[in-house]
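No hydrogens, no waters, no symmetry mates; every other heavy atom, side chains included, goes into these values. Throughout, protein chains are lettered first and strands after them, A, B, ... in sequence-line order, and every chain is numbered starting at 1.
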Amino acid sequence: MNVAAPLIEVEKLEAWYGRRRILHGVDFSVNAGEIRVIMGGSGSGKSTLLRHLLGLHKPRSGSVRLLGVDIGRASDREMLDVRKQIGVSFQGGALLTSMSVGDNVALPLREHTKLDENTIRIMSRLKLEVVNLGGFQDLMPSQLSGGMIKRAALARAVVMDPKLLFFDEPSAGLDPVVSAELDELILRLRDALRMTIVVVTHELESAFKIADTISVLDQGNILMTGSVAAVRRSDNERIQDLLNRRPREIQVDADAYLKRLTEEEAA
Amino acid sequence: MNALTGSLASLGRATVESVAGIGYAGRLLWESLYFSVAGWSIGQPLRLRAVFEQMRQIGVDALSIVTLLALTIGIMLGIQFIAALSEFGAQSQVVVAVAKSVTREFGALITAILVAGRSGSALAARIGSMTVSQEVDALATMGIEPVRYLAAPALLAMLVMLPALTMFADAVAIGGAALYSASSLNITPTAYVLQTLSLLAPGDIWQGIAKAVVFAVLITLIGVSTGFSVSGGAEGVGRATTRSVVLSICYIIVADMIFSYFLNR
């Protein structure tokens, strides 16, 4: 594989919900081996961007290329090949509640490989060990704590040894200690499994700790992409607001305001 | 004027929504059948284990309640037909009346309504809560098509089990009718059953089974499509479950009427 080719390339991506534009022509690329944090406040469009990166939404305009495949135009076969090479850890874990932790982690192997049951069991337990959940394979997801669920979801995400790992809000809903442990785990995983990792978060501390590069997203635009130091130094007002937890000043557009109040069909 | 345009607009929106709903259900049907037949060739094989698991939940687990209801319906039909036909002195026609109404109508209808309440709602609730907790998204990103994993096994299981349950219900209902009406007709229950068998044509039974196949498709598609389109958390799941049962039963009864009309012309 060409080392220089980025694993993720997003060009002029636009997204709409009804009449509201969520992403305004986002350009974006992630190189192999880096940990990229997509940072932004609530409503910045980072969840929408992530759903496009995962191929859960087809882009209305612009393109998303994962591992060199344009996922807006890929066939089912190509899409499946891409999906076998990416892992996703969702915000709430999204473990299948009807299966034990071990079966959850083994699911991708059972579905996509022809390995025998013994090998699958060993491989999934190995991944559970990596996330410090050794011995928990027989518990049901409902019996796990929030931090354990995230780690189990991480084990499931990496069980196929993906090239690319997505992580949605790793520290949401966790106490500071557990979330710091999770950050350590992400760093260790990158070193051990040589993955490219994209983390979506609004948590500054965790972002600065794990990121190689940060893309700051605000109101559907990428404000900047750069190293941690560059983001800290940035003189962009919105970025500094985000870093210093300053409430943003909301500018009222008088015409739009009146229109929203009086219009009958407010979409 | 405003009220008129408002109601016109909501009528239009409801029409668009229901056409979209039918289109979505049609796509689910097509995809489920496609994955069942050709899934293995595109890396999305249908798991027989999942189908058998669904068959157990939909069919085997429902046996006791189907028995109870079918028996009751059989006895009820016996009571009603004896009462109604004795007015004309035509008690001996009870056997044929029960046999035809059970096999053509009640066996399929009662079983379908029961399965819609038990399994259609369970499908909607299961898939709905999986949608809400991002489990469906997780399946998709793992390269496991949610339709293949969740909908196709349910559809196949329903297509096998609903006709099977219907035939079972036919037999039990006729048995119930035999138990009640044999004494009024001065024959043994065995003689009643034998008489039923000689009176029934294969077409009568096929009519019930054909209906059961259509009902199976309706129940699954409504359950699955309401499940996949859940939004709004736990409350949304509850609403979807109720909606799937009400919709299924409505569609079953309407489809039954249309079927009966065309098959008995």
Discussion item. Nearest 0.5 Å, please: how far is CZ in A:Arg110 from CZ in B:Arg49?
Written reply: 7.5 Å

Worksheet item: Distance from B:Glu135 atom CD to A:Ser98 atom OG, nearest 0.5 Å?
Response: 7.0 Å

Worksheet, complete the sentence: Closest non-hydrogen contact found for A:Leu96 with B:Met130 is CD2-CE, 3.7 Å

Worksheet item: With respect to chain A, which residue among B:Ile42, B:Val136, B:Leu139 yields the maximal number of heavy-atom pairs within a distance under 4.5 Å?
Response: B:Ile42

Item to complete: Output the distance between atom CD (B:Glu145) and atom CZ (A:Arg83), rounded to the nearest 0.5 Å.
Response: 7.0 Å

Fill in: Contact origin within A:Leu80 toward chain B - heavy atom pairs under 4.5 Å
side chain

Worksheet item: Do the side chains of A:His112 and B:Ile144 get nearer than 4.5 Å, heavy atoms only?
Response: yes

Fill in: Heavy atoms of other groups near B:Arg47 CZ, more than 12 under 6.0 Å
yes

Worksheet item: Checking B:Met142 against chain A: side chain, backbone, both or neither under 4.5 Å from a heavy atom?
Response: both

Worksheet item: Would the number of heavy atoms belonging to other residues, nucleotides or ligands and lying under 6.0 Å from CG of B:Asp61 be above 12?
Response: yes

Worksheet entry | Considering all heavy atoms, the nearest A:Gly92-B:Gln134 contact | N-OE1, 4.4 Å

Discussion item. Under 4.5 Å from any heavy atom of chain A, what part of B:Thr141 do you find: side chain, backbone, both or neither?
Written reply: both

Discussion item. More than 12 heavy atoms of other residues, nucleotides or ligands under 6.0 Å from OH of B:Tyr251: yes or no?
Written reply: no

Practice prompt. Tell me, yes or no, whether the heavy-atom count around A:Arg194 atom CZ, taken from other residues, nucleotides or ligands under 6.0 Å, exceeds 12.
Written response: no

Worksheet item: So does A:Glu117 have more than 12 non-hydrogen atoms from other groups sitting under 6.0 Å from CD?
Response: yes

Fill in: Heavy-atom pair with the smallest gap, counting every atom of A:Arg51 and B:Asp137
NH1-OD2, 2.9 Å

Discussion item. Other residues, nucleotides and ligands only: do more than 12 of their heavy atoms fall within 6.0 Å of NZ on A:Lys114?
Written reply: no

Discussion item. Does B:Glu105, at its CD atom, have more than 12 non-hydrogen atoms belonging to other residues, nucleotides or ligands within less than 6.0 Å?
Written reply: yes

Worksheet item: Does any heavy atom of chain B fall under 4.5 Å from the side chain of A:Thr97, the backbone, both, or neither of them?
Response: both

